[in-house]
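Some notes on the structure that comes next.
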Amino acid sequence: MNKVKEITIYDIAKVLNVSPATVSRGLKDHPGIRKDTKKKILNAAHKMGYQQNTFASNLRRKNSNTIGVIVPRLDSYFMSAVIAGMEKVANGAGYNLLISQSQESAKKEIASTKTMFDSRVDGLLISLSAETKNLDHFDIIFNKRLPLIFFDRVVELPHCTSIVINNERAGYDATTHLIEQGCKKVVHISGNLNRNVYADRLKGYKKALSENKIAFDPHLVFTNNLSDKAGAEVANEILKMPKLPDGLFAANDTTAVACIREFKQAGLKIPQDIAVAGFNNDPISRVIEPNLTTIHYPGEEMGELAASTLINGLKNRSSGNLNTMVIRHELIVRRSSLKK
């Protein structure tokens, strides 16, 4: 199969009988080129299938106007909201996003970081995978002095900003609410405790129990990948307990909703038999019956703040040690937890 010839500015110049320099300036919307000439150049470029070599242009300008984003998964409402916020700010400032997902794999996160670096991104926004422990793969980013901002799933590193909510406080708020509704035996479903978000929510759960003089029982804490399937499996384990718990706090809404579904199929009443609270305020929390009590996690606001912080750093080339930035969360009480 013969390779299709790449159209160049010289080909366009030959067709229009103008100089290559005129074509180049016309494609860049140079004010010194007449409007009718510019229009002819653009029409010819479109008709001939000309593709601008942005990579070569970026090499000359030493920036790509591209921001790399690495997330654990793209199939979550929260992460979609984060990316929407990032894109809104980035596009408004003339930047594009290059998005990759690690699929909770440290190996894929390492490969994505290398790809971002090779693509000459101007900076990197990242939420860590569940498996990530070693951070050496970020050295190529630091050595090039590219800004790197962690969001949601973060780790403390010098000269890096982290953007989070107070997950410990949020876990405390959700658990305290269940206790205030009369719950004495509260189950907690957590994600991978390597990550700050789940470890901190568990801390908040434990703190709420302690302050209300309820003994912590490790048998009431389940750790899994927080999928619908995992939630259903935990619910069925709970249903086998000799004495059922009267409350459940899940570290995301997907798992909480799966539990409600299984409990209802088993004939339990929500919240009378088991009060349930989730986390994230996904749309599914308002579809399940009864509607789910949850923690509102402002994903779009987090995305906007992450992108604007990175872009401001690029403009100011600040190298100072930036602190953790905390976004406000909110407990949203709905009928799934209202025993009283």
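Between D228 and R261 there is a salt bridge, with a side-chain nitrogen of the basic residue lying less than 4.0 Å from a carboxylate oxygen of the acidic one. Under a 4.0 Å N-O distance rule, the pair D36/K40 does not qualify as a salt bridge.
At least one side-chain heavy atom of I311 sits less than 4.5 Å from a side-chain heavy atom of V89. Between L128 and P72, every side-chain heavy-atom pair lies at or beyond the 4.5 Å cut-off. Put simply, the side chain of T132 does not reach to within 4.5 Å of the side chain of N134, judged on heavy atoms. A heavy-atom distance below 4.5 Å is found between the side chains of K185 and K243. Annotation: side chain of L125 is not in contact with side chain of F150 (no heavy-atom distance under 4.5 Å). Looking at L202 and L193, their side chains come closer than 4.5 Å, going by heavy atoms from C-beta outward. Counting only heavy atoms from C-beta outward, the side chains of F151 and V164 never approach each other to under 4.5 Å. Taking 4.5 Å as the limit, every side-chain heavy atom of H177 sits out of range of all side-chain heavy atoms of F249.
Side-chain contact of Q181 with K340: a donor-acceptor pair under 3.5 Å is absent, judged by distance alone. Under the 3.5 Å distance criterion, with hydrogens and angles disregarded, a donor-acceptor pair is assigned to the side chains of D11 and T8. Side chains of H296 and N280: no donor on one and acceptor on the other come within 3.5 Å. Side-chain atoms of N291 and R286 include no donor-acceptor pair closer than 3.5 Å. A donor and an acceptor atom, one from each side chain of S285 and R334, are located under 3.5 Å apart. Between the side chains of S105 and S102, not a single donor N or O lies within less than 3.5 Å of an accepting N or O. Side-chain polar atoms of T309 and N312 form no donor-acceptor pair below 3.5 angstrom.
Within the 3.5 Å criterion, the main-chain N or O of N252 finds no donor-acceptor partner in the side chain of T255. Using modelled atom types, no side-chain atom of N17 and backbone atom of A13 make a donor-acceptor pair closer than 3.5 Å. D253 places a side-chain N or O within donor-acceptor distance of the main-chain N or O of D282, the cut-off being under 3.5 Å. Checked by atom type and distance alone, the side chain of S119 pairs as donor or acceptor with a backbone atom of T115 at under 3.5 Å. With hydrogens and angles disregarded, no donor-acceptor distance shorter than 3.5 Å links the side chain of S24 to the backbone of P20. Between the side chain of N65 and the backbone N or O of G94 there is at least one donor-acceptor pair closer than 3.5 Å.
The CE atom of M48 lies 12.5 Å from the CG atom of N43; values are rounded to the nearest 0.5 Å. Going from atom CD of E300 over to atom CD1 of I83 covers 12.0 Å, rounded to the nearest 0.5 Å. Separation of atoms CG (N212) and NZ (K184) is listed at 8.0 Å; rounding is to 0.5 Å. One finds the CG atom of L124 at 8.5 Å from the CG atom of L146 (value rounded to the nearest 0.5 Å). Note: I126 CD1 to R153 CZ = 11.0 Å, rounded to the nearest 0.5 Å. To the nearest 0.5 Å, the span separating CD on E304 from CD1 on I163 amounts to 11.0 Å.
I165 and M302 get closest at one heavy-atom pair: N-CE, 4.1 Å. The heavy-atom pair separating L248 from L178 by the smallest distance is O-CD1, 3.6 Å. Counting all heavy atoms, side chain and backbone alike, L292 lies closest to A256 at CD2-CB, 3.8 Å. Here the closest heavy-atom approach between residue P147 and residue L314 is recorded as CG-CD2, 3.6 Å. A251 and S190 make their closest contact through CB-CA, 4.1 Å (heavy atoms, listed as atom of the first residue, atom of the second, distance). The nearest pair of heavy atoms linking N323 to T161 is O-CG2, 3.5 Å.
Put simply, I99 and I110 are part of two different groups of oily side chains (I, L, V, M, F, W, Y) that touch within less than 4.5 Å, one to the next. Hydrophobic clustering of Ile, Leu, Val, Met, Phe, Trp and Tyr side chains at less than 4.5 Å, counting indirect connections, keeps L27 apart from I33.
Crowding of Y77 atom OH: a count of heavy atoms from other residues, nucleotides or ligands under 6.0 Å not exceeding 12. Shown here is E156, whose CD atom has no more than 12 heavy atoms of other residues, nucleotides or ligands within 6.0 Å.
Residues meeting the side-chain hydrogen bond (donor to acceptor under 3.5 Å, both in side chains) test with S127, sequence neighbours left out: none.
A ring pair (Phe, Tyr, Trp, His ring centres under 6.0 Å) with H188 holds for exactly one of Y205, Y172, F222, F279; it is Y205.
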Go through R145 and N143 one step at a time and tell me if the side-chain contact (heavy atoms from CB on, under 4.5 Å) criterion holds.
-> CA-CA 5 Å; R145 301 203 173 185; N143 291 341; over 6 Å; no
Residues Y198, T223; criterion side-chain contact (heavy atoms from CB on, under 4.5 Å); working and verdict | CA-CA 9 Å; Y198 305 122; T223 303; over 6 Å; no
side-chain contact (heavy atoms from CB on, under 4.5 Å) evaluation trace for I238 with M241 = CA-CA 5 Å; I238 290 170; M241 290 180 177; 4.2 Å; yes
side-chain contact (heavy atoms from CB on, under 4.5 Å) between I67 and V121, worked out = CA-CA 5 Å; I67 295 168; V121 295; over 6 Å; no
Does the salt bridge (Lys or Arg N to Asp or Glu O under 4.0 Å) test come out yes or no for E168 and R201, once each step is laid out?
-> CA-CA 5 Å; E168 182 176 344; R201 289 169 203 177; over 6 Å; no
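Pairs of residues two or more places apart, or lying in two chains, that qualify as side chain to side chain donor-acceptor pair (under 3.5 Å) and include a residue from residues 90-101 are S100-S112.
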